[in-house]
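Working notes, structure below.
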Amino acid sequence: MPDLLAPGLPDELGESLVREDYKRDFRERRAALRDGESWKLERLQHFEETNDESRDALRQGDWPGVLRLFEAERDALTRRARDDAARGAAFHRIRVVEEPLTPYVQWELNWLRLTAECGHSVRVLPAAAVAAAEADTPLPELNLLDGRVLYRVLYTDAGRPDGAVRFTDPDLVRNWAEYLAELYEAAEDVQTYFDRAVADLPPPPAA
């Protein structure tokens, strides 16, 4: 069950990476993936994305602009999904959501629905499903690549990217891979969630 206690993630077993080192390391490792499964867990309900035109449009309250910018990425997203499939490099994304949705999460779910239409693997999990696992602290933001390396992605209190901690201990990475697979199995396809809980919402306020 997804509300089982999550595995431990002690900082002393990991290596701290500044933001640029994390981005480079993650990008290189993901590009090299062949025939394996990877996972992304998102728990925070607000991030301050940088260098993102659609995120800027949300800040300005330009919802039609957000949707136009999303749609302009459809072909690139489809190519990326086909490339992942050709390499056997499945990348599963789990988005934990609290309701009512924050403006950021509503924005992101529109993006994630589009990525799923283009062939990417995305599911949504209500925060209530992980409540028992969060008795002491919220679940971390994670990227796990092919059962080999796990990143706990760090953010400032304002939601700005702040580097990562990289873990390569085989037992630790395996335990988290199994846990994330459980979360994914319990989660709902983003497209059915979107149709039920997001499609009829008014545009979010600027945020």
Side-chain angles (χ1 to χ4, degrees), residues 2-30 33 37-52 54-55 58 90-99 101-109 111-112 115 120-169 172-184 186-188 190 193 207:
D3 59 358
L4 294 176
L5 292 179
L9 199 58
D11 281 348
E12 61 268 23
L13 293 182
E15 177 185 1
S16 295
L17 302 175
V18 299
R19 185 184 178 203
E20 290 307 314
D21 288 346
Y22 159 62
K23 288 170 61 179
R24 180 175 60 255
D25 192 66
F26 176 82
R27 183 172 58 248
E28 291 174 354
R29 289 176 184 264
R30 184 174 181 188
L33 289 178
E37 289 191 306
S38 299
W39 308 89
K40 182 178 181 68
L41 174 67
E42 288 184 295
R43 178 61 182 90
L44 293 176
Q45 303 298 293
H46 179 84
F47 295 101
E48 284 296 331
E49 305 282 357
T50 56
N51 300 317
D52 187 312
S54 66
R55 185 68 179 88
L58 175 64
F91 194 91
H92 307 295
R93 190 164 183 160
I94 307 158
R95 196 348 141 185
V96 177
V97 296
E98 298 176 9
E99 295 183 357
L101 303 178
T102 64
Y104 175 89
V105 170
Q106 185 178 344
W107 168 84
E108 187 186 32
L109 287 168
W111 169 252
L112 294 178
T115 68
H120 295 268
S121 173
V122 186
R123 291 189 180 181
V124 173
L125 193 67
V130 296
E134 297 188 323
D136 297 322
T137 185
L139 288 173
E141 308 296 314
L142 298 175
N143 275 309
L144 193 156
L145 297 180
D146 194 24
R148 298 181 182 182
V149 59
L150 172 68
Y151 303 95
R152 179 163 63 87
V153 189
L154 305 177
Y155 294 88
T156 67
D157 290 343
R160 295 185 179 277
D162 196 28
V165 181
R166 179 178 62 198
F167 301 87
T168 55
D169 177 81
L172 183 150
V173 176
R174 182 181 64 253
N175 289 340
W176 273 100
E178 292 172 355
Y179 184 74
L180 293 176
E182 288 184 354
L183 293 186
Y184 186 82
E188 179 180 358
V190 68
Y193 178 83

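Closest non-hydrogen pair, Leu172 versus Pro10, comes out as CD1-CD, 4.1 Å. Residue Ala164 comes nearest to Val153 through the heavy atom pair CB-CA, 4.1 Å, listed as atom of the first residue, atom of the second, then distance. Annotation for Arg123 and Ala187: closest pair CB-CB, 3.5 Å, computed over non-hydrogen atoms. Annotation for Ala133 and Ala6: closest pair CB-N, 4.3 Å, computed over non-hydrogen atoms. Nearest heavy atoms, Ala177 versus Trp39: O-NE1, 4.3 Å. Taking each heavy atom of Ala127 and Glu98 in turn, the nearest pair found is CB-CG, 3.6 Å.
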Let me see the working for Leu183 and Val130 under side-chain contact (heavy atoms from CB on, under 4.5 Å), right down to the final yes or no.
CA-CA 9 Å; Leu183 293 186; Val130 296; 3.9 Å; yes
Begin with the C-alpha distance, continue with both residues' side-chain angles, and end with the deciding distance and a verdict on side-chain contact (heavy atoms from CB on, under 4.5 Å) for Leu142 and Leu9.
CA-CA 11 Å; Leu142 298 175; Leu9 199 58; 4.0 Å; yes
Verdict with supporting geometry, Val165 and Leu17, side-chain contact (heavy atoms from CB on, under 4.5 Å):
CA-CA 6 Å; Val165 181; Leu17 302 175; over 6 Å; no
When you look at Glu141 and Lys40, which way does the salt bridge (charged side-chain N to carboxylate O under 4.0 Å, His left out) test go after all the steps?
CA-CA 8 Å; Glu141 308 296 314; Lys40 182 178 181 68; over 6 Å; no
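Here the side chain of Asp146 pairs no donor or acceptor atom with the backbone of Arg148 at under 3.5 angstrom. The main-chain N or O of Val96 is found under 3.5 Å from a side-chain atom of Gln45 such that the two form a donor-acceptor pair.
For the pair Arg30 and Phe91, the distance from NZ or CZ to the six-membered ring centre is under 6.0 Å and the angle to the ring normal is within 45 degrees. A cation-pi arrangement is absent between Arg166 and Tyr151 under the rule of less than 6.0 angstrom and at most 45 degrees off the ring axis.
Side-chain atoms of Arg160 and Thr50, non-hydrogen and from C-beta on, do get closer than 4.5 Å to each other. With contacts defined as side-chain heavy-atom distances shorter than 4.5 Å, the pair Val149/Leu144 does not qualify. Counting only heavy atoms from C-beta outward, the side chains of Tyr179 and Leu5 never approach each other to under 4.5 Å. No side-chain heavy atom of Thr168 sits less than 4.5 Å from a side-chain heavy atom of Val173. At least one side-chain heavy atom of Asp11 sits under 4.5 Å from a side-chain heavy atom of Arg152. Counting heavy atoms from C-beta outward, Val97 and Arg95 have side chains that approach closer than 4.5 Å. Between Phe47 and Glu42 there is a side-chain heavy-atom pair separated by less than 4.5 Å. Looking at heavy atoms from C-beta onward, Glu49 lies in side-chain contact with Trp107 at the 4.5 angstrom threshold.
To the nearest 0.5 Å, the span separating CG on Asp21 from CZ on Arg19 amounts to 12.0 Å. For the atom pair Ile94 CD1 and Tyr184 OH, the distance stands at 8.0 Å (nearest 0.5 Å). Here the CG atom belonging to Leu44 is positioned 10.5 Å from the CG atom belonging to Leu139, to the nearest 0.5 angstrom. Here Glu20 contributes atom CD and Asp25 contributes atom CG; the two are 12.5 Å apart, rounded to the nearest 0.5 Å. Atom-to-atom distance recorded for Arg174:CZ and Asp169:CG is 8.5 Å, nearest 0.5 angstrom.
Using modelled atom types and a 3.5 Å distance limit, the side chains of Tyr104 and Glu48 yield no donor-acceptor pair. Inspection of the Tyr22 and Asp162 side chains reveals no N or O donor paired with an N or O acceptor under 3.5 Å. With 3.5 Å as the limit, one finds a donor-acceptor pair spanning the side chains of His92 and Ser121. Side chains of Ser38 and Arg93: a donor-acceptor N/O pair is absent below 3.5 angstrom, by distance only.
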